[in-house]
Amino acid sequence: MTDLTSLTLADARDALKRKSFSASELTEAHLAAMEKARVLNAYVLETPDEARMMAQAADIRLGKGEAGPLEGIPLGIKDLFATKGVRTTACSKILGNFVPPYESTVTAQLWRDGAVMLGKLNNDEFAMGSSNETSAFGPVVNPWRREGSEAKLVPGGSSGGSAAAVAAGLCVGATGTDTGGSIRQPAAFAGITGIKPTYGRCSRWGTVAFASSLDQAGPFARTVRDAAILLRSMSGHDPKDTTSVDRPVPDFEAAVGRSVKGMKIGIPKEYRLDGMPAEIEKLWGRGGEWLKAAGAELVEVSLPHTKYALPAYYIVAPAEASSNLARYDGVRYGLRVPGRNVIEMYENSRAEGFGAEVRRRIMIGTYVLSAGYYDAYYLRAQKVRTLIKKDFEDCFAKGVHAMLTPATPSAAFGIGEKGGADPVEMYLNDIFTVTVNMAGLPGIAVPAGKDAQGLPLGLQLIGRPFDEETLFSLGEVIEQAAGRLTPAKWW
Ligand code: GLN
């Protein structure tokens, strides 16, 4: 009997249609796997009752030949997506036991297409972090371990639960959000595929806001094809989000396997960092060779403002966060800590409800937006952002179809190993990914090999606005060459 928890989404979809097994059987297999994998702490809430009901409904539709594109596919949902009647916390104490009376547009579209919800996945508090260690529910453990070591590693962040769950076979696919790298970095750390689509491709409605001009939803999956299938269901115009873009959603899956012959792939020279591990450099070179062998042409390009991306991001993102998080005041929802008057109640609730990293961001954000500093910090960061965007536009205008870069500056690191004394050490994880959010472009992370300790490493492809299709075509070339990576089961 095939292990139902190791199938690709495409295979599971086709097998369900052939009636090789039922949606209920597929769901039960995942619920059992989740129970055995609680040590990973990937789920902050398991929803077996909802899952069984949804799977039964899917079986009925499959029986009638009325299957939607994701009929019967069990998914995990990052706890940043509001799910109607199901606790949604953004992994923050301040949301307490908040149960939304509404469903996010992205998840509503997944259910519309027949998917089954297994539960809510762990993430960094309000998606602020690169290791899932800021979650109020504690860290997620990466299913990957260094060869010969039992040390617990982070799965990356902020969508750490999503990455770990998909890699460990605790769901067929998962949702994530990416503000500065939160889909691509954890995907790379877990040896799976993750794509942040173009800003505006997915509706942000019903997703807990971090930095609204940067936040985008996207899928995690075990293959490039699976990511393409999921993204199609997640995408599309939504009148409830004015930044969602009204343009047709392509059949992304059709781009998987499409020839990349003649495509011009930019290799940005500024991404060759001083002190970059030789393994990452080698991986990057090998990825380029694979694309060349498939008929693409490599060209060196320059993105001169790259070095300002991280500092500018860490002004823009906290600024927007400080404004978005102002709503958590102990009045409307979540935690309330009483005080002698309303101001003290606000202060007590926010001091008690927010974790240290979130408090840091709120303070930085409030500072850079304050009267005397607005021009020096926020306005200047916005100008830098325009320059970063222009760097990419100039390359694309010269005929570059996509860029190839490393996804992360290292493989997964140990829990508790980074950022304790200096938060910037953690922020540096986003060095290759934040530029893409600042420019609003699509970026995909694809597993491309392992480091000397047996940990997965990923490459990133960055595309033109709304050209996710090219990323799927190129990503599949890398996937074919590198092969699928699966962690050895120890849990
Ligand atoms: N690691 C980045 C941060 O902490 C990005 C997080 C994200 O993309 N949500 O801000």
Side-chain angles (χ1 to χ4, degrees), residues 78-81 90-92 106 121-135 139-140 154-163 174-190 194-197 199 202 204 207-220 309-325 354-365 368 381 385 407-410 412-413 418-419 422-445 458 460 462:
K78 186 177 184 179
D79 205 28
L80 227 64
F81 292 85
C91 294
S92 178
V106 162
L121 293 161
N122 208 338
N123 51 253
D124 278 298
E125 185 179 2
F126 284 106
M128 296 175 192
S130 303
S131 64
N132 214 111
E133 292 169 290
T134 73
S135 166
V140 173
V154 304
S158 65
S159 317
S162 307
T175 62
T177 60
D178 189 314
T179 303
S182 276
I183 291 175
R184 291 158 288 155
Q185 185 252 18
F189 277 14
I195 179 165
K196 180 200 89 74
Y199 185 79
C202 293
R204 291 182 297 107
T207 309
V208 176
F210 165 8
S212 305
S213 76
L214 302 159
D215 298 343
Q216 259 300 288
F220 283 87
L310 202 65
Y313 169 85
Y314 276 97
I315 289 172
V316 173
E320 294 185 18
S322 72
S323 150
N324 274 327
L325 270 55
F354 290 131
E357 181 61 27
V358 175
R359 289 203 300 269
R360 177 172 16 237
R361 306 264 181 132
I362 292 173
M363 285 190 276
I364 294 172
V368 300
R385 185 172 182 178
T408 58
S410 74
F413 46 89
K418 268 193 189 174
D422 177 8
V424 174
E425 194 188 10
M426 191 64 83
Y427 298 170
L428 283 168
N429 268 287
D430 305 325
I431 194 107
F432 299 131
T433 49
V434 286
T435 49
V436 179
N437 302 73
M438 292 294 264
L441 301 172
I444 192 170
Q460 172 179 237
I462 305 168

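When a residue number appears, it is its place in the shown sequence, counting from 1. Counting starts at 1 for both ligands and their atoms, in listed order.
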- Determine whether the side chains of Glu125 and Ser92 contain a donor N or O and an acceptor N or O closer than 3.5 Å. yes
- Partners passing side chain to side chain contact (heavy atoms under 4.5 Å, CB included) against Ala309 (at least two apart in sequence or in another chain): Ile388, Val434, Thr435
- Who are the residue neighbours of ligand 1 when the rule is a heavy atom under 4.0 Å from any of its atoms? Ala127, Met128, Gly129, Ser130, Ser158, Asp178, Thr179, Gly180, Gly181, Ser182, Phe210, Tyr313, Tyr314, Arg361, Asp430
- Task: Taking all non-hydrogen atoms of both residues into account, name the closest pair between Asn132 and Gly161 and its distance.
- Result: OD1-N, 3.3 Å
- Message: My understanding is that only residues two or more places apart in sequence, or in another chain, count here; which of them pass salt bridge (Lys or Arg N to Asp or Glu O under 4.0 Å) with Arg204?
- Response: Asp241
- Message: Suppose the criterion is salt bridge (charged side-chain N to carboxylate O under 4.0 Å, His left out): which pairs have a residue in residues 312-322, not counting sequence neighbours?
- Response: none
- Item | Where Ser162 and Ala174 come nearest, the two heavy atoms and their spacing | CB-CB, 3.8 Å
